[in-house]
**Q** 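Next up is a structure, given as C-alpha cells.
These figures come from a predicted structure and were not determined experimentally. In what follows, chains are A, B, ... by sequence order, proteins preceding strands, each numbered from 1.
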There are 2 protein chains.
Amino acid sequence: MTTPPRRATRQQAAVADMLGQHETFRSAQEWHALLRAAGDPVGLATVYRTLQSLAEAGEVDVLRTDAGETLYRACSAAHHHHLLCRECGFTVEVDGPAVEAWATAVASAHGFALPRHTVEVTGLCPRCAPATSPGVTTSPE
Amino acid sequence: MTTPPRRATRQQAAVADMLGQHETFRSAQEWHALLRAAGDPVGLATVYRTLQSLAEAGEVDVLRTDAGETLYRACSAAHHHHLLCRECGFTVEVDGPAVEAWATAVASAHGFALPRHTVEVTGLCPRCAPATSPGVTTSPE
DNA sequence: ACTCCACATGAGAATGATTCTCATTATTGG
DNA sequence: CCAATAATGAGAATCATTCTCATGTGGAGT
C-alpha cells in the first residue's frame with residue numbers, strides 16, 4: 001500500500017547497472033548521457049524518474065551542488081556522509097557516529113520527532129589544495 | 001582588492017532591513033513580494049543580487065529546500081545550524097561544537113584543506129508531530 | 001502461449017527559479 | 001555641481017527538472 005508496485009523494465013535495470021559501474025556522483029543528465037553512450041538508451045525523463053525512485057528507496061545518495069544540480073550515486077546501504085572536494089568533485093565516504101548521536105539528541109531536546117539529517121563536509125582535496133605558502137589568509141571568519 | 005567596492009543604495013538597505021524584521025526563512029521571491037507589499041519596491045533581480053552578496057558576506061543563512069528553492073534569512077554572526085520542521089517550516093537555531101570539531105577532524109584526516117560544512121537536522125516539531133499511537137511504524141528502516 | 005490492460009516509457013512542451021542583458025538611474029569622489 | 005561608473009530593473013534567456021499523453025510492454029490470468 002505504501003509501496004506502489006514497480007515493474008521490472010530494461011530501462012530501470014540499465015540505470016541501476018550503470019550506477020553500479022561508476023563510483024562518482026553525477027547529475028541525472030550525465031547518467032543519461034552515459035547510458036546513451038553505452039548503447040543502452042533510456043529517455044531522460046525515465047532517468048529522472050528512476051533515480052528518484054532509487055533515492056526514495058535509499059539505494060542512491062543524493063547531493064545538491066551549489067549550482068542547483070542534483071547529483072546521484074549508488075550507495076552502500078549503510079548510512080554515511082560525504083567529504084567532497086569543491087574543485088574536482090572527488091568524494092570520500094565517512095561516517096560519524098558522533099554526529100548521528102548529536103543530531104538525534106538535538107532533535108529530541110526540542111521535541112522534534114522523526115529526526116533526519118544532512119551533513120556534508122567540503123574542502124579542497126590534497127590534489128587540489130593550493131600550494132600557497134603556509135602563511136596566507138588562513139585567518140578564520 | 002578581494003572586496004570590490006559596494007555602493008550604498010536604498011534597495012540594499014530595504015532588503016537588509018526587511019531581513020532584520022522577519023525571523024523566518026523565505027525565498028528570494030517571497031522577500032521580493034514582502035518588499036513590494038511594504039511599499040519599498042525593489043526589482044527581483046536586485047533582491048537576488050543583494051541576497052547573494054549578503055550570503056557571501058556571511059550575513060544571511062542560506063538553505064536549500066528539497067523543491068530546489070533557496071531560502072534566505074538574516075543570521076546572527078555566530079556560526080550555527082538549524083533544526084527545521086518538515087511540516088510547518090518552524091526553525092530553531094542550534095549550535096554543535098562537537099559537529100564543528102568532527103567536521104574539521106574528518107577533513108584534515110583525509111588531507112582536505114579549507115573545510116566547510118553543511119549540517120541540517122529536520123524532523124516534526126512538537127506541534128506537527130503525529131498524534132499517532134505509540135505503537136505504529138516507528139520501526140527504523 | 002496468447003490477451004489484456006495498468007503501469008512504464010519517451011519526445012517534446014511546460015514550468016519555475018535564477019541569471020543575464022542592457023538601457024537608465026543614482027552614488028560618490030573630485 | 002559633474003562626471004565616472006556601479007547599481008538597478010524589466011524582461012528575455014537559461015537550465016534543470018517535471019509534466020503530458022500517445023505508444024509500448026511486463027506479467028497475471030486464461
**Q** Rounded to whole angstroms, how far apart are CZ on B:Arg6 and P on C:dA26?
**A** 18 Å
**Q** Rounded to whole Å, how long is the line connecting atom CD of B:Glu69 with atom P of D:dT18?
**A** 13 Å
**Q** The side chain of A:Arg10 lies closest to which of these nucleotides: D:dA7, C:dG10, C:dT21?
**A** C:dG10
**Q** Kindly point out which of C:dA8, D:dT8, C:dT18 is positioned nearest to the side chain of B:Tyr48?
**A**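 From the listed options, C:dT18 comes nearest.
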**Q** Is B:Gln11 close enough to D:dG9 that one of its side-chain N or O atoms is under 4.0 Å from OP1 or OP2 there?
**A** yes
**Q** Any donor-acceptor pair under 3.5 Å linking the side-chain atoms of B:Glu93 with those of B:His81?
**A**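 B:Glu93 and B:His81 do not have a side-chain donor-acceptor pair below 3.5 Å.
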**Q** Taking atom C1' of C:dT25 as reference, at what distance in whole Å does atom CZ of B:Arg49 sit?
**A** 13 Å
**Q** Testing the 3.5 Å rule here: is there a donor-acceptor pair between the side chains of B:Arg7 and B:Thr9?
**A**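 There is no such pair (donor and acceptor under 3.5 Å, judged by atom type) between the side chains of B:Arg7 and B:Thr9.
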**Q** Could you tell me how far apart B:Leu51 (CG) and D:dG9 (P) are, to the nearest whole angstrom?
**A**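 Atom-to-atom, B:Leu51 to D:dG9, this comes out as 14 Å.
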**Q** B:Gln52 side chain: which of C:dT21, C:dT18, C:dA8 is closest?
**A** C:dT18
**Q** For DNA chain D, determine which residues of residues 29-47 of chain A have any heavy atom closer than 4.0 angstrom to one of its atoms, and list them numerically.
**A** A:Gln29, A:Ala45
**Q** Under 4.0 Å between any heavy atoms, over every strand shown, what does A:Ala8 touch: base, sugar-phosphate, or nothing? Just pick one.
**A** sugar-phosphate
**Q** Given B:Asp61, which of B:His80, B:Arg73, B:His79 fulfils the side-chain hydrogen bond (donor to acceptor under 3.5 Å, both in side chains) condition?
**A** B:His80
**Q** Can you tell me the distance, in whole Å, between the CZ atom of B:Arg7 and the P atom of D:dT8?
**A** 10 Å
**Q** Any idea which heavy atoms bring B:Cys128 and B:Cys85 closest together, and the distance?
**A**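 Shortest heavy-atom contact: SG-SG, 3.8 Å.
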**Q** Can you tell me if B:Thr122 and A:Arg116 form a side-chain donor-acceptor pair at under 3.5 Å?
**A**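 B:Thr122 vs A:Arg116: no donor-acceptor pair found between side chains.
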**Q** Ignoring backbone atoms, establish whether A:Ser27 has a side-chain N or O less than 4.0 Å from OP1 or OP2 of D:dA16.
**A** no
**Q** Output, in order, the C-alpha distance, side-chain angles, deciding distance and verdict of salt bridge (Lys or Arg N to Asp or Glu O under 4.0 Å) for B:Arg64 and A:Asp66.
**A** CA-CA 9 Å; B:Arg64 285 285 176 113; A:Asp66 291 334; 5.2 Å; no
**Q** What's the spacing between B:Thr104 OG1 and B:Trp102 CH2 if we round to 0.5 Å?
**A** 10.0 Å
**Q** Can you tell me if the side-chain N/O atoms of A:Gln12 get under 4.0 Å from OP1 or OP2 in C:dT9?
**A**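 Yes.
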**Q** With a non-hydrogen cut-off below 4.0 angstrom, is A:Thr70 in contact with a base, only sugar-phosphate, or nothing?
**A**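 It contacts sugar-phosphate atoms only.
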**Q** OP1 or OP2 of D:dT8 sitting under 4.0 Å from any side-chain N/O of B:Thr9?
**A**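 Checking B:Thr9 against D:dT8: at least one side-chain N or O falls below 4.0 Å of OP1 or OP2.
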